[in-house]
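Below, read A as the first sequence line, B as the second, and so on, with proteins coming before strands; counting in each chain starts at 1.
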Amino acid sequence: MRRLRLIATAALLALAPASAPGQSALGPRPVSFERYHAYAELVAALRALNRAYPSRTRLRSMGRSYEGRELWLLTVFNPATGKEKDKAAIYVDGNAHGNELQGAEAILYLAQHLLSRYSESPAVRRLVDERVFYLAPCINPDGREAFLTSPNSPHSSRRNRRPVDDDQDGLTDEDGLDDIDGDGRILLMRKRDPLGDYKPGADPRIMVRCKPGELGSYRLLGWEGIDNDGDGRLNEDGPGGVDLNRNFPSSWRPRHIQAGAGDYPLSEPETRAVASFLEEHPNIAAIQSFHNDGGLILRPPGAKSEREIPAADRRIYDAMGARGERTLPGYRYLLASRDLYPAHGAFLDWGYLGLGVLSFSNELFVMPRDHDKDGEVSEAERLRWSDEMLDGAGFQSWYPVSHPRYGAIELGGWNKLARRMPPTWLLAEECHRNARFVMYHASMMPRVAVASTRVRRAPGGELVFRIEAVFENRGFMPTSTARARSIKVAVKDRLEIRGAEIKVLSAALQTDLDQGRSELVDTRRPERVLVEGIPGRGRVKATWLVSGRGRVVVTITSEKGGSATEVLNFE
Amino acid sequence: MARRAMAAASVWLASAAMAAAAQAQTPSPPPAVPATPLYPAEYHNAERLEERLRALAAAAPDLIRLRRIGRSRLGRPITAALVTNFKVGLTDAKPAAALVGNLDGDEAAAGEAALRTLEFLAAAYAQSPSLQSLLRDRALWVIPRPNPDGTEMLFSTPMSSHGKTFAPRDDDRDGDRDEDGPADLDGDGYALTMRVPSDTGAWVADQGPGADPDLMRLARPGRGERGRFRVLREGLDDDGDGAFNEDGPGGAYLDRNFPIRWRPSHQVEGAGRYPLSEPESRALADFFLGQPSIGLVIHTHIGARALSSGLEEVPKEDAPLFEALRRQFERALEGAEGGRALGAFARPGGARASGSFQDWLYHGLGILAFPARIWTRPPGWSPAEEDDGLDDELRLSRAWLAFFKKQGQGFVPWKAMLHPTLGRVSIGGLTPFTVRTPPGSLLNEAVAPVVRFAINALYLLPEIELRQVTLSALKGPIYKLSFELHNRGFLPTQTARARALKRAAPTIARVELPANAALVQGATRFVLPPIAGRSSVKRAAVVSCAPGASLRLTAAAPRGGRAQAQVTAPGAGQ
């Protein structure tokens, strides 16, 4: 019976055959979302997208994981409308925790969505033409592979695979989980004991802790395993590793303070590859990283030791968070360190606090609804979901086995694919909604343009002209965040004028076109005017006094807002 | 970098109109080549240092071996030398100390101190029984120059002081990197200091009793002084933004680039983009993480700047260890000029460092790290006893200037010039690197304390031995096996800090039972706690032994070496 149920679970959750990749009325859609992809399938899917859309994708590796797997990154953009580095980009990665599979699926989905709908949807086309999407579906491929191919609980195989001596006994990874009954799963262990401090609850599958004075009937022994190193502790030094989402530089703390921190920030090949990629691509103006679960849209800071972020940035975050809650029903927009739990060295903080880029970290998937509306999804509500929607296959009821050390015990609990990620029949929707949130975020990025230009003869001068150019940021986000300016990493926007037959005599800048005055820029290089960022939907005006004639090029170059040029001719 | 500065200078020289104007107003000094290089033979540039290390290793292959632990950003090798008797024992398991040379580019003398230590050991080893016995079971790692790129500026023309690594950086955030740095405008081989007469400047030529007007210092408005000058580094406004030398060669101070208590660049100048962002600091970090046998690190510094956070968080068990090191360094300094035995930690209320190498070693890894600070003040000078209203810093600045003037080097008299955009300025002052670089003639004397200290420190290392290994009969073939693992060194096998950090790799003792013996109760593998200096831990197990069975015990302490012993059950024939 148990075996039957197991097979049913597997069929339901993971092993549904991939539907035939095919053409649709839209563009080609080589990737199906009716199953979770093993690492090799993930790579194959990226290659298939790259093959199907060679003119709008580039596939490259950011580096290799600890075990040597490539960290693939697919760039989706349109080279015909401008160079990659001249456009604002959004970077999205997933699966930093090996067990959090759906992040990778959602990013694959986003790639396919952008590519296959390009010709049909003007909104998608605009995004792909004007922006760059850096998509890294899985930055912990070792953890993902281990999670899928070996016995695991829903929560294990989170870290990377660098061996670490967690219990300080001189051995590494010697006491991990053990699949006692060889069924490919890691469940919880309980043992009947009249002195036990747990008892079955109203739903007998749920174990409830006894209050003082109350008699229990079970002891909980922890996750399925054996004390392999005989030190009296169970599963305290399993495979791996470093928690990649605790290994980034901002507010990093060593491991006696932050579990999984690694020896130093960016000590891991995976985190280092991501950080190098971000540093080599200063055009990145937005970041998201996909985790699971709980349905959360998290904003920084993630570390308690960090101060609240500047109000100007918070306004943008709040607006985007509100939109996210609509796009993602059941999701909540939260401040990570206050509303979830504080963590040091998270990628979220490196993106925003370290680089000054507006970053979100999203926890994908809310399993069941909160039926009694008490604000919490209780274990009973989860079980109800498993019973009503999964034929009870999410949760394995307790069953007896014989443990080599503990004797007669029982195993039970959530199957690894059921607890923290959507079943495959919900996967496409989960992916779609998260993809839409990324696209919304991307649409908010800064984008500079030359709004208008005007040439007038300057009073008094022979062949002296006054050239006025209004530059605008058409995006909703500023060309540099308040954070980037306060930590002095924001490169100023450059307004330039060039011409073979002109000499630029002086320059003036007006940053507030309604009330502000045009201020003379005191510089020996008036052909270049520097601006400390242009607000979202904002304008600045440069006025140059120029002698000469002919063809003149006016340019704005913004590190994170792209660049724009206008050519004038005057005599 | 030198090339760029030259280019900047030649742009200026090529400006014909400016040159004509200069001739009209001031007698233009003939472009001069530095008379003699300040630091000729006594200091080694990267190439000569590597040659010297290779020669030392080649001459004594059983005593000194080299390992390249990384490369600088400009590709120069970072070399570590291991000194021990390679013919005896397991090299990697011997208790070891490390001597680290100059983290800062402008502290070349620290690298020379490390090199002199190697040279001394190479020369003295053959004749010295005490050195032979010291290096039989212990080892010394020497890393002379973790920042070869910065140091190389000492040997470049024009010479421009650079303590950091080289990593291009857009300091003024205008989209260009390193486009506006100091330059040698008058062709004398140095990027010096420019003073510009200005009624709104904050600086004055030193005045008052004991003053030297060649010294530029901040005006003290509280005492009725008015600023007369702006003081800039010699150079042009290369990028035309109105600021001078505001985006010179970028980089990070290695000693502000380590992960513990690191603070970012917008708070701490030269902190780097993130902890260990520099290949040089990362090479050091990976080296120390990969060498668990190193229990003590001596890092050499020139001058007295802040190197650590405070003493407050040092566990009380560890505090005496630092004090013992300080006392030993004090002895090593005896008779040497220009040094003071400062403690390892910032004094209460004193300046504190962030992201320092020392804090990472001790607060990050739990390794004892002690700074050997030399050349903290000019020879023969001591702070005044009476309060004459001057701060120590000013008194020290005057003393340095007087010292270098007496030496006849290191100071270039102020010289009027016409600057292309600033007009009349004068250029002069202390030459780059000067204060942190003892003159060649005094170098050996200045670094001698480090050599003495590093060698003497080896005597302090932990060293384990197995003692009191006994089999006592309980009944018939059943015996109680007991042993003591003793640390006969002064330092513990792990610091209290390492334990708090959960980084104390354990000391492991094992009992190897032959086929005719078996464990009855207890264990055959013991994970032991840290062992303090000159103390022991005891353990026991109950075993059954056939007559004559021979039990082997082994012990390994990551920082205290290895030990073994054997014990035999009474035999039938005995």
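- Proximity to chain B is absent for every atom of A:Glu559, based on heavy atoms less than 4.5 angstrom apart.
- Looking at A:Val521, there are no atoms closer than 4.5 Å to chain B (heavy atoms on both sides), in backbone or side chain.
- In summary, A:Glu532 and B:Arg173 engage in a salt bridge, as defined by a charged side-chain N under 4.0 Å from a carboxylate O.
- Within the 3.5 Å criterion, the main-chain N or O of B:Asp178 finds a donor-acceptor partner in the side chain of B:Asp247.
- Listed options B:Ala504, B:Pro558, B:Ser265 were ranked by heavy-atom pairs under 4.5 angstrom with chain A; first place goes to B:Ala504.
- Ranked by heavy-atom pairs shorter than 4.5 Å toward chain A, the options B:Asp241, B:Leu501, B:Ile508 are led by B:Leu501.
- For chain A, the option among B:Arg282, B:Gln267, B:Arg273 with the highest count of heavy-atom pairs below 4.5 Å is B:Arg282.
- A donor-acceptor pair under 3.5 Å is absent between the side-chain atoms of A:Trp544 and the main chain of A:Ser506, judged by distance alone.
- Counting only heavy atoms from C-beta outward, the side chains of B:Pro530 and B:Arg499 approach each other to under 4.5 Å.
- If you measure heavy-atom distances from A:Ser267 to chain B, the contacts under 4.5 Å come from the backbone alone.
- Proximity of a side-chain donor or acceptor of B:His419 to a complementary backbone N or O of B:Gly235 within less than 3.5 Å is detected.
- Ion pairing between a basic and an acidic side chain is recognised when a charged N comes within 4.0 Å of a carboxylate O; B:Lys164 and B:Glu269 show such pairing.
- Between B:Asp176 and A:Arg528 a salt bridge is recorded (basic side-chain N to carboxylate O distance below 4.0 Å).
- Contacts between A:Thr557 and chain B at a heavy-atom distance below 4.5 Å are absent for every atom of the residue.
- Ranking B:Ala505, B:Gly175, B:Pro506 against chain A, the residue ahead of the rest is B:Pro506, based on heavy-atom pairs under 4.5 Å.
- Using a distance-only test at 3.5 Å, with no hydrogens or angles considered, a donor-acceptor pair links the side chain of A:Asp237 to the main chain of A:Asp173.
- With a 4.5 Å cut-off on non-hydrogen atoms, A:Ala490 touches chain B through its backbone and its side chain both.
- With a 4.5 Å cut-off on non-hydrogen atoms, B:Leu365 does not touch chain A at all.
- Heavy atoms of B:Ala500 lying under 4.5 Å from chain A belong exclusively to its backbone.
- The choice from A:Gly230, A:Ala275, A:Pro249 that makes the most heavy-atom pairs within less than 4.5 Å of chain B is A:Pro249.
- Residues B:Pro264 and A:Ile487 fail the side-chain proximity criterion, which asks for heavy atoms closer than 4.5 Å.
- Contact annotation for B:Asp171: neither backbone nor side-chain heavy atoms come within less than 4.5 Å of a heavy atom of chain A.
- Heavy atoms of A:Leu355 lying under 4.5 Å from chain B are absent altogether.
- Using a 4.5 Å cut-off between heavy atoms, B:Asp170 touches chain A through its side chain atoms alone.
- Proximity of A:Asp169 to A:Asp229: side-chain heavy atoms (C-beta onward) are separated by under 4.5 Å at one or more points.
- Interface residue B:Arg503: backbone and side-chain heavy atoms are both found under 4.5 Å from chain A.
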